[in-house]
Amino acid sequence: MKKDSEVRVRMAPSPTGFFHLGSARTALYNWLFARHHQGKFILRVEDTDVQRSSKEMIQTILDGLTWLGLNWDEGPYFQSERLSTYQRYVQELIDKGYAYYCYCRSEDLMKEREAALRNKQSWKYDRRCLRLSAREREEKEKAHQPRAVRFLVPDHPVVFNDIVHKEIKRDAADIEDFIIMRQNGVPTYNLACVVDDYEMGITHVIRAVEHITNTPKQVLLYEALNLPKPEFAHLPLILGEDRKKLSKRHGAVSLMAYQERGFLPEAMVNFLALLGWSPGDDQEIMSLKRIIERFSLKRINPANAIFDQQKLEWMNGQYIYQMSDQELFDRLKPFFIRLKLVAQEDLEKKREWLLKICKVLKKRLKVLTDIDKVGRYFFVEDFEYDKTALEKHLNKKTIDLTEEFSLILNKISDFNARNIEDSLREFVQQKGIPARELIHPLRVFVTGKEGGPGLFETLELVGKERCLMRIKNIIKNYEEKNG
RNA sequence: GGCCCCAUCGUCUAGCGGUUAGGACAUCACUCUUUCAAGGUGGAGACACGGGUUCGAUUCCCGUUGGGGCCGCCA
């Protein structure tokens with residue numbers, strides 16, 4: 001049972017698409033607000049659009065919230081299971097004269113509306129069914145003509161306070177008699193939302209600004225039903241780089257796409273928290289505990305924000321960098337397997353070796369899947385050689401040098417970075433050349449890349465056999481081409 | 001066409017009448033290094049415009065412009 005002063009917020013997704021980044025942020029802000037106030041975070045699935053809702057989507061939403069760590073205290077409640085409740089409220093509105101039956105065909109109205117908009121005219125339902133004579137109405141009822149229920153918008157301006165936007169005012173003339181119950185007896189969003197927010201004791205409605213135009217309608221419903229109103233806070237939108245609302249056109253907008261690319265949930269949370277909200281100081285990388293402590297609806301910036309993926313990547317890289325080797329190893333496990341870098345059964349067997357790779361690659365990963373881009377050569381032989389790097393370092397001189405040095409490498413019994421370095425330093429000294437003249441070609445020959453962790457530890461981790469094999473292949477290919 | 005929302009560097013933002021307009025990402029130099037990355041140092045980079053109010057406006061008010069959202073028997 002709810003306490004008088006308890007904060008209760010909800011996440012009310014409709015399971016009709018993938019789990020959008022914007023929905024994730026809305027969920028996060030609700031959750032942060034609840035946790036900050038030691039209140040309750042409630043999950044309610046708005047599935048009154050029977051055709052478009054799907055079971056899979058509900059699961060995706062639950063998975064997404066779970067991944068981000070946004071645990072819910074109640075629910076999920078399903079609106080589709082509460083139809084009789086809504087019907088009761090609709091009946092009350094009809095009985096009190098706040099709503100009326102509409103027998104119009106929606107296709108007809110849609111045509112009128114489209115025609116008007118095409119002619120740059122505004123269009124609003126003209127209440128023709130409200131003005132039906134008793135006889136006309138009786139005829140339609142007798143013929144069992146399908147009927148929806150419209151709310152009769154009262155003739156006075158609607159004013160409400162928004163925590164983010166301050167006072168919002170709207171003239172009655174700008175609100176049409178909206179449908180509250182469809183012909184099929186299922187209520188629409190505005191009605192179901194108001195009834196549920198009331199019945200579930202929601203104290204703060206935190207949702208995206210695209211709903212701000214619905215709010216006056218909902219306020220009217222609260223008033224007609226004589227229900228207490230919650231506080232409202234409308235969050236700015238997340239925009240794509242073209243400044244349009246983030247959508248499928250912008251590529252990856254599904255939360256799970258980010259999980260698959262190897263973003264960390266804690267980085268995601270940190271980044272999303274800062275997209276539209278600021279703690280007021282210069283701190284950007286913040287622990288969840290601190291975010292919760294500092295979070296406040298009053299510090300939400302009302303302006304829409306463009307999603308900056310580069311900054312997300314930077315932040316994710318910071319989180320990876322700050323991790324322990326063991327932690328990174330654990331996070332990387334599913335990616336090792338999916339990228340076919342390490343077999344499942346080798347994961348524990350090769351633990352020590354993998355831990356060392358984690359250590360040297362840590363500051364080079366922005367996302368977990370970068371392990372493939374940046375370190376594939378550690379794991380498998382089918383990595384690619386950078387063509388321009390090869391061109392730069394592959395010539396008679398470097399081949400001769402490498403061939404001679406490989407003999408020395410071969411003799412190292414304890415193939416570790418220290419021994420490799422000692423051998424190489426001694427070798428180049430005898431040759432009277434700077435170390436880099438051997439280091440750079442050697443790196444390209446063994447890893448295919450110009451850059452990477454220190455050469456000696458790299459060679460150690462690739463291992464003696466594979467280093468020698470790769471060098472041999474390079475020499476062989478070179479000789480075949482150049483006689 | 002109507003209604004609503006918004007406006008500080010390219011991007012995310014701090015600022016709540018008097019500041020050399022601060023930070024972060026990105027960018028550019030330099031530095032460190034066997035290379036790349038990470039790190040360090042530094043540079044360039046913003047108050048959309050026009051009116052008020054005020055001794056004084058980035059800040060308050062109005063307008064213009066620009067951007068965004070909504071106008072479904074979707075949510």
Side-chain angles (χ1 to χ4, degrees), chain A residues 12-17 46-49 51-53 102 104-107 109-110 113 116-124 146-150 162 164-165 168-171 173-176 178-184 186-190 192-193 207-216 234 236-237 239 241 243-245 271 274-285 299 301-315 317-318 321 360-366 374 389 421 424 434-440 442-444 449-456 458:
Chain A
S14 69
T16 53
E46 308 223 317
D47 55 353
T48 53
D49 188 350
Q51 276 91 34
R52 298 203 306 157
S53 298
C102 175
C104 296
R105 292 167 22 116
S106 66
E107 307 91 81
L109 298 180
M110 208 192 312
R113 184 164 39 229
L117 252 37
R118 223 178 302 122
N119 295 322
K120 305 227 180 253
Q121 301 287 303
S122 57
W123 188 90
K124 197 172 96 172
R147 60 190 196 181
V149 179
R150 278 184 194 274
D162 186 284
V164 178
H165 297 278
I168 309 276
K169 211 183 287 179
R170 192 126 174 243
D171 277 340
D174 296 321
I175 308 172
E176 75 167 350
F178 53 98
I179 303 264
I180 54 176
M181 188 149 75
R182 302 170 171 89
Q183 283 178 353
N184 65 8
V186 179
T188 57
Y189 165 70
N190 283 308
C193 181
R207 79 234 299 189
V209 256
E210 54 200 341
H211 286 297
I212 209 165
T213 44
N214 278 318
T215 311
H234 286 93
L237 259 18
L239 270 25
E241 288 188 4
R243 297 179 176 280
K244 295 267 194 286
K245 190 163 72 166
F271 179 77
L274 254 21
L275 200 60
W277 169 79
S278 155
D281 56 29
D282 284 342
Q283 225 180 319
E284 303 238 26
I285 307 274
R299 292 201 58 89
N301 183 346
N304 293 342
I306 294 173
F307 181 70
D308 183 358
Q309 185 152 306
Q310 273 187 316
K311 185 156 180 178
L312 205 212
E313 286 174 9
W314 163 79
M315 192 171 271
Q318 291 291 311
Y321 184 46
V360 301
L361 254 26
K362 204 190 285 181
K363 58 168 81 76
R364 283 157 241 269
L365 306 180
K366 279 189 157 48
V374 127
E421 175 159 17
L424 186 138
R436 63 174 181 278
E437 285 187 22
L438 180 54
I439 284 175
H440 296 321
L442 208 45
R443 175 192 298 284
V444 176
K449 291 183 187 303
E450 274 199 289
L455 178 74
F456 309 115
T458 299

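Excluded from the calculations below are hydrogen atoms, water molecules and symmetry mates; all remaining heavy atoms, backbone and side chain alike, are included. Here is the naming used below: chain letters follow the sequence lines, and residue numbers restart at 1 for every chain.
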Considering only atom [atom1], compute the distance from [N] to [M] and round it to an integer number of Å.
N: B:U33; M: B:G40; atom1: C1'; result: 13 Å
N: B:A44; M: B:G1; atom1: C1'; result: 45 Å
N: B:G66; M: B:C28; atom1: P; result: 34 Å
N: B:U54; M: B:C49; atom1: P; result: 23 Å
N: B:U41; M: B:C4; atom1: C1'; result: 48 Å
N: B:A24; M: B:C9; atom1: C1'; result: 12 Å
N: B:C62; M: B:A26; atom1: P; result: 39 Å
N: B:G56; M: B:A48; atom1: C1'; result: 22 Å

How would you label the contact of [X] with the nucleic acid (heavy atoms, under 4.0 Å): base, sugar-phosphate, or nothing?
X: A:Ser14; result: sugar-phosphate
X: A:Cys193; result: nothing
X: A:Lys169; result: sugar-phosphate
X: A:Ile168; result: sugar-phosphate
X: A:His234; result: nothing
X: A:Lys449; result: nothing
X: A:Thr48; result: sugar-phosphate
X: A:Lys244; result: sugar-phosphate

Could you grab the distance from atom [atom1] of [X] to atom [atom2] of [Y], nearest 0.5 Å is fine?
X: A:Cys104; Y: A:Arg147; atom1: SG; atom2: CZ; answer: 14.0 Å
X: A:Ser106; Y: A:Arg182; atom1: OG; atom2: CZ; answer: 11.0 Å
X: A:Ile179; Y: A:Asn190; atom1: CD1; atom2: CG; answer: 11.5 Å
X: A:Arg436; Y: A:Arg443; atom1: CZ; atom2: CZ; answer: 14.5 Å
X: A:Ile285; Y: A:Trp314; atom1: CD1; atom2: CH2; answer: 4.0 Å

Length of the line joining [X]:[atom1] and [N]:[atom2], which is rounded to integer Å:
X: A:Trp123; N: B:C71; atom1: CH2; atom2: P; answer: 13 Å
X: A:Gln183; N: B:G72; atom1: CD; atom2: P; answer: 16 Å
X: A:Lys245; N: B:G67; atom1: NZ; atom2: P; answer: 18 Å
X: A:Arg113; N: B:G2; atom1: CZ; atom2: P; answer: 18 Å
X: A:Arg105; N: B:G72; atom1: CZ; atom2: P; answer: 18 Å
X: A:Arg207; N: B:C5; atom1: CZ; atom2: P; answer: 15 Å
X: A:Ile179; N: B:G72; atom1: CD1; atom2: P; answer: 11 Å
X: A:Gln309; N: B:C25; atom1: CD; atom2: P; answer: 17 Å

Which pair of non-hydrogen atoms, one from [X] and one from [Y], has the smallest distance, and what is that distance?
X: A:Phe456; Y: A:Ile439; answer: CZ-CD1, 4.0 Å
X: A:Leu237; Y: A:Glu210; answer: CD1-N, 4.2 Å
X: A:Arg207; Y: A:Cys193; answer: NH2-SG, 3.7 Å

statement: Looking only at B:G1, B:G68, B:C73, the nucleotide nearest the A:Lys120 side chain is B:G1
- request: Give the nucleotide from the list B:C4, B:G68, B:A75 with an atom nearest to the side chain of A:Leu237.
  value: B:G68
With both distances kept under 3.5 Å, what pairs with [N], Watson-Crick or G-U wobble?
N: B:C30; answer: B:G40
N: B:G1; answer: B:C71
N: B:G10; answer: B:C25
N: B:G17; answer: none
N: B:C60; answer: B:G52

query: Just wondering, are more than 12 heavy atoms of other shown residues or ligands nearer than 6.0 Å to CD in A:Glu241?
result: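 At most 12 heavy atoms, drawn from other residues, nucleotides or ligands, come within 6.0 Å of this atom.
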statement: Comparing nearest nucleotides in RNA chain B, the 5'-proximal residue of the pair A:Glu176, A:Leu117 is A:Leu117
query: Closest nucleotide of RNA chain B for A:Ser122 versus for A:Arg147: which of these residues is on the 5' side?
result: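 Result: A:Ser122.
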Contact pattern, 5' to 3', of nucleotides 33-49 of chain B - B, S or - by protein heavy atom under 4.0 Å: -BBBBSS----------
- prompt: Does any non-hydrogen side-chain atom of A:Tyr189 lie less than 4.5 Å from one of A:Asp49?
  reply: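 With C-beta onward as the side chain, the pair stays apart.
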- request: Check whether any side-chain heavy atom of A:Leu365 sits under 4.5 Å from a side-chain heavy atom of A:Val374, and report yes or no.
  value: yes
message: Donor-acceptor pair, distance only, cut-off 3.5 Å: does the side chain of A:His165 make one with the backbone of A:His234?
response: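 Indeed, once roles are kept as given, a pair shorter than 3.5 Å links the two residues.
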Below 3.5 Å between N/O atoms, which protein atoms pair up with nucleotides 8-16 of chain B? Just atom names and distances, please.
from	atom 1	to	atom 2	distance (Å)
B:U11	OP1	A:Arg243	NH2	2.4
B:C12	OP1	A:Ile306	N	2.9
B:C12	O2'	A:Leu274	O	3.3
B:U13	OP1	A:Gly276	N	2.9
B:A14	O3'	A:Arg299	NH2	3.3
B:G15	OP1	A:Arg299	NH1	3.2
B:G15	OP1	A:Arg299	NH2	3.2

- request: Give a yes or no on whether a donor-acceptor pair under 3.5 Å exists between the nucleobase atoms of B:C3, that is its base, and the side chain of A:Arg170.
  value: no
message: With a 4.0 Å cutoff (strictly under), does any side-chain N or O of A:His165 reach OP1 or OP2 of B:C6?
response: yes
